[in-house]
2 protein chains.
Amino acid sequence: MAEDWTDRHVARWKDHWLDLAFDEVVEGVFVRVNRIDRYLRSAKQRAVAEVGLTDFEYDTLHVLMIRDTPGSASPTELATELGVSGAGMTGRLDGLEKAGWIRRIPSVDDRRRVIVEVTRSGMGIWRRAMGIRGEAENDLAGALTERELATLNRLLKKVTVRSEEREA
Amino acid sequence: MAEDWTDRHVARWKDHWLDLAFDEVVEGVFVRVNRIDRYLRSAKQRAVAEVGLTDFEYDTLHVLMIRDTPGSASPTELATELGVSGAGMTGRLDGLEKAGWIRRIPSVDDRRRVIVEVTRSGMGIWRRAMGIRGEAENDLAGALTERELATLNRLLKKVTVRSEEREA
DNA sequence: GCCGAATACTTCGTCAGCGAAGTACCCTGC
DNA sequence: GCAGGGTACTTCGCTGACGAAGTATTCGGC
């Protein structure tokens, strides 16, 4: 197979930094993981721009939708899942609310709380972005056979399982 | 094997969003790629904080070092490789220069140009961060046998090759 | 049943980054 | 040999995010 960016990266590294010990295969795996993630991020950004959302507006709608209670959450929950500060969340929600994609509803049983709910139009625009985004993923996946995809998935899971052990 | 975050994500998705067609394995692969990348990003951030660098300071030193002419580049080259604007690069270099990790040298043969050069202390701090960062990668890689790692690398390369075709 | 601690969210001041405009310089064609 | 266009970097005004402080509400112990 022709060489990719990672091959060139690894080759260059070897030439210049012989003294910093590293395993070529390990380096290759994680650089490629990073390159794929980066590619999909930019594909996502294009999808999202196409329907008229910014990156962070989409992200916020996305975590709001893909949860046990789809389309409804507290600002704090969203902030945690998005890895964003409470203050940042307030700012995001202000924008989304003004655009009409979500609404804030004061909780009746605990008046400190606010419930964030997606609107019909918010759900619509998120779904359109999702569709375009899925195309890019399926296209990439097409580089592998079904058997290869299953193997890849199995091996990646071994890695994520360990990473989640480390996080715990 | 026990379930990971991605398994739960896929299961939840299936329950709530049957109508948005998607392939479980494809979704699994790319969500896991994202989870691994995210884990390594946060591991990197810890490594980098430990030696006293911010994320973007490390990134800048890093692209300055891992190139054909290690430790020397123009601001524009760095900006392109980091995906940052020219203005942003100026700001980063100001900080790095003040901290004594790089210096700006005016080019003699083209006085519009500036050459960014890493200093001895800049190289030292970058290397320390690299070492800690490498430990996290090797630890994750330990979840797989050498044979599995090689297979994973081969399959990932098939995917990156396609992504690079799409980018061209 | 009331006081102090905890919780949920917002406001405020600051920072890194962006795009656009500005400055300085080089190069090409006439 | 100089005018016009391009290049390399910096400055400027603005935006999204952060942490810390502020406001409002609930909870827990006595």
Side-chain angles (χ1 to χ4, degrees), chain A residues 38 41-42 44-46 48-49 52-64 67 69 72-99 101-118 122, chain B residues 38 41-42 44-46 48-49 52-64 67 69 72-99 101-118 122:
Chain A
R38 172 194 300 241
R41 267 204 304 277
S42 88
K44 184 195 81 177
Q45 203 148 2
R46 276 193 304 277
V48 147
L53 286 169
T54 67
D55 217 27
F56 71 84
E57 286 167 342
Y58 172 80
D59 287 344
T60 311
L61 286 176
H62 193 66
V63 297
L64 185 53
R67 59 203 343 278
T69 57
S72 172
S74 77
T76 304
E77 286 166 343
L78 294 176
T80 306
E81 283 165 38
L82 284 161
V84 102
S85 72
M89 202 63 235
T90 298
R92 288 191 180 194
L93 294 177
D94 287 348
L96 289 169
E97 191 164 34
K98 196 180 294 181
W101 293 318
I102 59 123
R103 64 181 144 256
R104 281 176 167 106
I105 298 168
S107 167
V108 281
D109 40 279
D110 184 343
R111 287 188 304 183
R112 290 168 306 178
R113 281 191 162 80
V114 165
I115 298 161
V116 178
E117 257 188 24
V118 74
Chain B
R38 173 195 300 241
R41 267 204 305 276
S42 90
K44 184 194 81 177
Q45 204 147 4
R46 276 194 304 278
V48 145
L53 286 170
T54 66
D55 217 28
F56 70 84
E57 287 167 342
Y58 172 81
D59 287 343
T60 311
L61 287 176
H62 192 66
V63 297
L64 185 54
R67 60 203 342 277
T69 56
S72 170
S74 76
T76 304
E77 286 166 343
L78 295 175
T80 306
E81 283 164 39
L82 285 161
V84 100
S85 71
M89 202 62 236
T90 298
R92 288 192 181 193
L93 294 177
D94 287 350
L96 290 170
E97 191 165 33
K98 197 181 289 182
W101 294 318
I102 59 125
R103 65 180 145 253
R104 281 175 167 110
I105 298 169
S107 167
V108 281
D109 40 279
D110 183 344
R111 287 187 305 182
R112 291 169 306 180
R113 282 191 162 81
V114 165
I115 298 160
V116 178
E117 258 188 24
V118 74

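Predicted, not measured: the structure shown is a model, and the values here were computed from it. Below, all heavy atoms of this structure are taken into account, side chains as well, without hydrogens, waters or symmetry copies.
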### Task
Kindly compute the distance separating CE (A:M89) from OG1 (A:T60), expressed to the nearest 0.5 Å.
4.5 Å

### Task
Take atom CG of A:L78 and atom C1' of D:dA17, then tell me their distance rounded to the nearest Å.
16 Å

### Task
Applying side chain to side chain contact (heavy atoms under 4.5 Å, CB included), run through A:R92 and A:L82 and close with a yes or a no.
CA-CA 11 Å; A:R92 288 191 180 194; A:L82 284 161; 3.7 Å; yes

### Query
Between B:I105 (CD1) and D:dA8 (C1'), how many Å, whole number?
17 Å

### Task
Go through the steps to decide whether A:L96 and A:V118 satisfy the test side chain to side chain contact (heavy atoms under 4.5 Å, CB included), and finish with yes or no.
CA-CA 9 Å; A:L96 289 169; A:V118 74; over 6 Å; no

### Query
Are A:L78 and A:V84 close enough, and set up right, to give a side chain to side chain contact (heavy atoms under 4.5 Å, CB included), and what steps lead you there?
CA-CA 8 Å; A:L78 294 176; A:V84 102; over 6 Å; no

### Task
Sequence neighbours left out, what passes salt bridge (Lys or Arg N to Asp or Glu O under 4.0 Å) with A:R46? Give chain and number order.
none

### Summary
B:D55 CG to D:dC18 C1', in whole Å, measures 14 Å

#### Entry: Interatomic distance where CG belongs to A:D110 and P belongs to C:dA6 [whole Å]
17 Å

### side chain to side chain contact (heavy atoms under 4.5 Å, CB included) between A:V114 and A:L93, worked out
CA-CA 11 Å; A:V114 165; A:L93 294 177; over 6 Å; no

### Message
Protein within reach of the bases, or only the backbone? For nucleotides 9-20 of chain C, mark each nucleotide 5' to 3' as B, S or -, using heavy atoms under 4.0 Å.
### Response
SBB----SSBBB

